[in-house]
Amino acid sequence: MKKKMIVSLIFNSLIFVLVFFCAFCSLFDYKFITNPSVITFTPHFSIFKYFTTDSNIFLGIVSAVMIGLEISCLAKRKYELPKSILLFKLIATTAVTLTMLTTIFYLAPRDPVGYYKKFLDSNLFFHLIVPILALISFLCFEKTNKLSKKTPFFAILPVILYTVYYAINGFSHAQNGVIPADFDFYGFFDAGFVFAVILIPIMLFATYLISVVLWFVNKKEL
């Protein structure tokens, strides 16, 4: 248990550093891979309209809390984390996993510039590396039997809240029944309102399914 908690601490520290470094880079539009010589000092708060940014920052906050708790546990030689923080780690890991899968199978293939564009600069970490780190840490080093069968339902809440925001933001800016691309940045309304209505329960079910799989694998000993 001690070794696993130490490894978990390392993973959470890495996640925290990467998330907030990339959030800072995104906020100031610093492209540290494709254009490292240019940085603007005007904050772009529009980054917070994306589920990608929000889910990663949420994970970063959860990881920061876990760092403090794990250091405390190691100091006291009590190698067991509270149920509440493990619940939040499941919710956050589900959210970033949904982000990763949506990018790989939906957003990247639709990008006219090319598949690779979704995996450059901060997006490389937000869309791929951070979700993978979260999966490894939660599934391998933060195992618990404390989470009940009802727990995966909580992972749907962030998606429901974001769906409400996305719909209100989109419809409030509709022009002649069409939502501009600036307010339909994920292209969910490209195929019309009916497609979006069908897509919502699919996304919710996919989120729940991801959470169930993570919960099930987490409680199984490797």
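Please read all numbers here as calculations on a predicted model, not as lab measurements. Residue numbers start at 1 and run along the sequence shown. Just so you know, these numbers use all the heavy atoms, side chains as well, and skip hydrogens, waters and symmetry mates.
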All heavy atoms of Trp215 vs all of Leu147, minimum pair found to be NE1-O, 2.9 Å
Value for CG (Leu133) from OG (Ser13), rounded to nearest 0.5 Å, stands at 11.5 Å
Report yes if the side chains of Phe119 and Ile104 come closer than 4.5 Å at any heavy-atom pair, otherwise no. yes
Only one of Lys2, Lys146, Lys4 passes salt bridge (Lys or Arg N to Asp or Glu O under 4.0 Å) with Glu80, and that residue is Lys146
**Message:** Let's go through Leu90 and Thr151 carefully: what are the C-alpha distance in whole Å and the side-chain angles of both, what is the deciding distance for side-chain contact (heavy atoms from CB on, under 4.5 Å) to 0.1 Å, and is it a yes or a no?
**Reply:** CA-CA 9 Å; Leu90 170 63; Thr151 303; 3.4 Å; yes
Closest non-hydrogen atoms of Ala196 and Phe188, given as atom of the first, atom of the second and distance, are CB-O, 3.7 Å
The complete set of salt bridge (Lys or Arg N to Asp or Glu O under 4.0 Å) pairs with one or both residues in residues 35-49, sequence neighbours excluded, reads none
Ser63 meets the side chain to side chain donor-acceptor pair (under 3.5 Å) criterion, sequence neighbours left out, with Asn12
Is any side-chain heavy atom of Ser122 closer than 4.5 Å to a side-chain heavy atom of Phe32?
yes
Nearest heavy-atom approach of Pro158 to Phe154 is CD-O, 3.7 Å
Salt bridge (Lys or Arg N to Asp or Glu O under 4.0 Å) filter on Lys117, not counting sequence neighbours, yields none
Output for pair (Ile10 CD1, Ile67 CD1), nearest 0.5 Å, gives 11.0 Å
Rounded to the nearest 0.5 angstrom, the CD-CD distance for Glu142 and Glu70 is 6.0 Å
Would a hydrophobic clustering, with Ile, Leu, Val, Met, Phe, Trp and Tyr connected at side-chain separations under 4.5 Å, put Phe11 with Met1?
yes
- Task: Kindly say whether the aromatic ring centers of Phe183 and Phe189 come within a distance under 6.0 Å.
- Result: no
- Query: So, do Leu59 and Val130 sit near enough that their side-chain heavy atoms are less than 4.5 Å apart?
  - Reply: yes
Between Asn218 (side chain) and Thr144 (backbone), is there a donor-acceptor pair under 3.5 Å?
yes
With sequence neighbours left out, the residues meeting ring pair (Phe, Tyr, Trp, His ring centres under 6.0 Å) with Phe28 are Phe24
So side chain to side chain donor-acceptor pair (under 3.5 Å) across residues 161-185, not counting sequence neighbours, yields Tyr166-Asp184
Should Leu98 and Phe51 count as side-chain neighbours, where that means a heavy-atom distance under 4.5 Å? yes
Minimal heavy-atom distance between His44 and Ser26, with the atoms involved, is CB-O, 4.5 Å
Quiz item: Is any side-chain heavy atom of Ser137 closer than 4.5 Å to a side-chain heavy atom of Lys89?
Solution: yes
Would you say the side chain of Ile136 lies within less than 4.5 Å of the side chain of Phe141, judging by non-hydrogen atoms?
yes
Here the gap from Leu124 atom CG to Ile129 atom CD1, rounded to the nearest 0.5 Å, amounts to 4.0 Å
dist Ile61:CD1 -> Ile15:CD1 (nearest 0.5 Å) comes out at 13.5 Å
Shortest non-hydrogen pair, Ile156 vs Thr207, comes out as CA-CG2, 4.2 Å
Shortest non-hydrogen pair, Phe126 vs Ala23, comes out as CZ-N, 3.6 Å
Indicate yes or no: at least one non-hydrogen side-chain atom of Pro82 is less than 4.5 angstrom from one of Leu69. yes
Residue pairs passing the salt bridge (Lys or Arg N to Asp or Glu O under 4.0 Å) test with at least one member in residues 16-45, sequence neighbours excluded, are Asp29-Lys31
- [ ] Please lay out, stage by stage, how Thr52 and Tyr186 fare under the test side-chain contact (heavy atoms from CB on, under 4.5 Å).
- [x] CA-CA 11 Å; Thr52 294; Tyr186 286 129; 3.8 Å; yes
Value for CG (Asp111) from OH (Tyr106), rounded to nearest 0.5 Å, stands at 12.0 Å
| message | Could you walk me through whether Leu214 and Thr94 satisfy the side-chain contact (heavy atoms from CB on, under 4.5 Å) test, starting with their C-alpha distance in whole Å, then the side-chain angles of each, then the deciding distance to 0.1 Å, before giving a yes or no? | response | CA-CA 8 Å; Leu214 297 185; Thr94 300; 3.6 Å; yes
Quiz prompt | Side chain proximity check, Leu81 to Cys73, heavy atoms < 4.5 angstrom | solution = yes
Do Thr93 and Ile210 pass the side-chain contact (heavy atoms from CB on, under 4.5 Å) test, and can you show the C-alpha distance, the side-chain angles, and the key distance before you say yes or no? CA-CA 9 Å; Thr93 304; Ile210 291 168; over 6 Å; no
- Query: Is the number of heavy atoms from other residues, nucleotides or ligands under 6.0 Å of Lys219 NZ greater than 12?
  - Reply: yes
_Just checking Phe88: does its CZ atom have more than 12 heavy atoms from other residues, nucleotides or ligands closer to it than 6.0 angstrom?_
no
